[in-house]
Amino acid sequence: MRKQPAGRDSRSQMRHAAEPEMLDEFYREEDPWGYRLNPEDDKRRRVLLAEIPQRHFAATLDLGCGNGFVTAHLPGDRVVGVDISRNAIKHARKHQDDRLSFLVSDIFDLRSDSRGTYDLIIITGLFYPQYVRAAGLVAQLRVDELLNPGGILISVHIDEWYTTRFPYLMTKQITYPYRTFTHVLEVYVK
Amino acid sequence: MILLYHKVADVVPTKWWVSADRFYRQMASLRDRKVVYLDDYDRTDEKHVCITFDGIYENVYTFAAPILEHFGYPYELFIVGGTVGRSNEFDAEEPLARFADKAQLSDMVRRGARLQWHTRTHPRLTDNLTRTKLKRELDVPATLRRIDPGGFRWLGYPHGEFSKATLDVVKNLFVGALSCHQGDGVSSYELNRTIVTEESRLITRKIGVIIPCYNYGNFLAEAAASVLRQTVLPDRVLVVDDASSDGTEVIGRALETSHPNLVTFVRHKKNLGIVRTFNEAVTNMDTDYVVFLGADNRFMSNYIEKSAETLDADSAVGVAYTDYALFGPRAPVVYRQFPEAMRGETRADTFWIINFPDEQEHVVKVMTTGKENVIHGSSMFRREAWATVGGYREFQQQPEDFDLFRRIVGAGWMPKKVQGTYLEYRHHSPEQANARLQSAASVRALREALSTAHRVAESYKKQIDEFRRDAEERLTHVSLLQRENAEKTQQVLHFQKDAEERAKHVVILQEENETKTQQVLHFQKDTEERGRHIAILQKENETKTQQVFHFQRVAEERLRHIDILQREIEQRGKQVVDLQQELEKRDERAVLLEERIHTLGEEVEKHAAAASEASWRQLVAEKELNDWQTAEDDLLETAAELRVKLDATASQRDTLRTMMVAVQQDLDNAVRQSEARASLIQEREVELAALREELREASRQLRHHRKRLDRFTGTISGKLILPFGKSQRKLRNSIADARRSS
């Protein structure tokens, strides 16, 4: 019997809705959530873009970028989109250009010395129990490593599943309905 | 203390794994110790802690290393040379996991780890290993040594096992070695380690947060959310409602429902005021550290971790305080009211930072003199300190928190500034205080309350349905009972008629009854008499019983006696058997002897007969002799007379003499014969005497023989008077003896 890998190594074995293999399946067609057409996601993008402080950002990181639907509109001289689903990134790469680049990785593998640090980090739907499980604090440390002092962190999550809080001053917290859920958007300054 | 970890990850499939979040909290709890490398480890220093890993699994690199770097702790990695960069497929019981490769090990060394040796293939280092194999296991290949040239000075025994032979070799190759439990804990080559699991708690001190609330229901959920989303959670949260008239109770109860093991909600029926509320809350908060949070404020998410860390690191510190991050519509106004030296940065036009001084001496001075309050009311303090100074006090000159912390510092507890976190201090307008639903947290809390209310309503609805159904059933039941009732009424009429008849019957029976009663009285008297009789008989019975006991005892004694006698009888029986056997033998011999006696008897008879003949002859001879003597005398007499005729008759005399001589010779012969016989008989006597002993118990036949002998000897004894009667006496005696002894 083939041994079962555990933890991060076992992602390919898990049956949760948003696991890479299943995400890959999900993203096989380009716009599976119907982002562009769905008014809910259009709203999501608008709300996020409205909350980004008006200032200059040299480097921006979009964690959980999916197919790059929001990433393309983010400010920053250099923008990097990261997602765990290979298929999603494949579609996202359509937006790739001098400013925009994409990468397949999970949060635990991202190291600051590989691509530098950022002034603005957007985290969408990453800090859920089924992704970070019992290592949420390590994921936070990784994010902290990647965020410059004085940088902005914007967290967008489904309120029902989100139990984290980042150790920075939270300048804003708003909630809005999203599909059948409630989204909570938090803006932090480091 | 030396800690031992194996796998640290985002899941905990077996006891060899610790979750990363738990590992983070375990590391945070080491703040009051000194974490060192093994080379610097002093086992006699209680505060020294070494963090070691065996393996080394890739998840240690991914999850543990960032945390250790965050806390700035040194740590030791014991690698199994043969597994570097491989997977643990050989470990049948554990889920699949990869081992760190050289690049990852190298990265960790750069960030504060040291590499040590855990053998090449992880065998048990006992005496079964040959010296060559042992040396091969302990040899560190150059490719690995290069990764940490300053490392590999320590060995970790696989499974913690070692033997004397192993020790000898190890001592030549390493400066020290670690077991798990087997070592003596003293020698550098026998140090023991504590295996850390998901359940391990390296510290037992507890932290409590108190959120007192008076009509700040709108902000309460947000305040509580900031407490419940900390990097290190408190052990207890107490929300106290001082008789608010707004939605505080609803929110408070919802919080308790959604976090049942963490949050407790208490509502005062009457408003007790700040000091009483605070003191009561701390009294009921049985934790080592306590911190208050105003219901309209927030903690930054690392507030508890950092404040507790400050108290952990130094037991002399009694209160740990932070800077402010003011926010809210009136924040800029309040900010400008602070002295310029204390005004910090403005962050994102949202937070205005107030910096409090961090020089301890200065702070002690201004606090104890009451000049300046630099320790805000939401500073974390030791409960012990609060207890020592007698808690909060009313009606003082200063606000109650200033008054408390003054006294705590005055009592000798040190104050200490906490870096890297803020109390988010809201300054709101009165309108804002009345505004509704400020935050997602409030929404959540109210939703929780609503769902609780829904659930309660549902359960009431269900109850009502049940009652309705119940009522219907009872109505059906009632109509059934009514029908039964009509039936029963019919039955009752029927029974009444029946009853009248029976009443008549009863009268008859009553008359009978009187007769019977008489009889009964009679029988009762009889019974009493018999009762008395029975008593008498019972007494008799007792006496008899006593007797019976007595007889039983006697019987028992007799039985015992019987036992003894039986045993004797047995013995005697045995003796009898023996004697019977002897008797048989003796009977046989007796038969033989009888025969002999018979023979001898016959002989004796013969001899006796002969003897009697001889004695008869003797008697006859004696008689003859007498006669002859008489004759002799006569002759002598006539001799004289005849002397004259002597010469004439000399020849007559001579002839007579010759005849006498001849008779004498005959007699001598007879005597010799009888002497001979007598001696023969003596011999026989001797034999008989010898046989006497044997023939004590004579038979009747012998007596018979005796009797015959008696007859013979009886006739002899009366007539025996001759001089040679001595020998005859002897003969007689011996015959009598023979008689007796037979």
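Proteins come first, then strands; the chains are lettered A, B, ... in the order of their sequence lines, and each starts at number 1.
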Does the A:R133 side chain pair with the main chain of B:A9, one donor and one acceptor, at a distance under 3.5 Å?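 No; zero donor-acceptor contacts below 3.5 Å.
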
Counting only N and O atoms by type, is there a donor-acceptor contact under 3.5 Å from the side chain of A:T171 to the main-chain atoms of B:A348?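 No, A:T171 side chain to B:A348 backbone: no donor-acceptor pair under 3.5 Å.
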
[X] atom [atom1], neighbour heavy-atom count above 12 within 6.0 Å:
| X | atom1 | value |
| --- | --- | --- |
| A:K190 | NZ | yes |
| B:R86 | CZ | no |
| B:D101 | CG | yes |
| A:D98 | CG | no |

Reported [atom1]-to-[atom2] distance for the pair [X] and [Y], which is rounded to 0.5 angstrom:
| X | Y | atom1 | atom2 | answer |
| --- | --- | --- | --- | --- |
| B:L228 | A:T163 | CG | OG1 | 10.5 Å |
| A:K172 | B:T350 | NZ | OG1 | 8.5 Å |
| A:I107 | B:D10 | CD1 | CG | 13.0 Å |
| A:Y188 | B:M300 | OH | CE | 10.0 Å |

Of all heavy-atom pairs between [X] and [Y], which one has the smallest distance, and what is that distance?
| X | Y | result |
| --- | --- | --- |
| A:R165 | B:S226 | NH1-CA, 3.7 Å |
| A:A135 | B:F63 | CB-CE2, 3.5 Å |
| A:E160 | B:R447 | OE2-NH1, 4.1 Å |
| A:M170 | B:F351 | O-CZ, 2.8 Å |
| B:T62 | A:V138 | O-CG1, 3.8 Å |

Give, as side chain, backbone, both or neither, the part of [X] having an atom under 4.5 angstrom from any heavy atom of chain B.
| X | value |
| --- | --- |
| A:Y176 | neither |
| A:L141 | side chain |
| A:R55 | neither |

Show the numbers, then the answer: is there a side chain to side chain contact (heavy atoms under 4.5 Å, CB included) between B:I67 and A:L137? CA-CA 8 Å; B:I67 294 173; A:L137 292 170; 5.6 Å; no

Counting heavy-atom pairs under 4.5 Å with chain A, which one of B:K306, B:R229, B:E69, B:H70 comes out on top?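 Of B:K306, B:R229, B:E69, B:H70, B:R229 has the most heavy-atom pairs under 4.5 Å with chain A.
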
For [X], is it the side chain, the backbone, both, or neither that has a heavy atom closer than 4.5 Å to a heavy atom of chain A?
| X | answer |
| --- | --- |
| B:A64 | neither |
| B:F327 | neither |
| B:F23 | neither |

Return the set of residues passing side-chain hydrogen bond (donor to acceptor under 3.5 Å, both in side chains) with B:T257 (not counting sequence neighbours), or none when no residue passes.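 side-chain hydrogen bond (donor to acceptor under 3.5 Å, both in side chains) check on B:T257 returns nothing, list empty.
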
Going by the salt bridge (Lys or Arg N to Asp or Glu O under 4.0 Å) test, which pairs reach into residues 14-31 of chain B, not counting sequence neighbours?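 Sorted pair list: B:R31-B:E309.
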
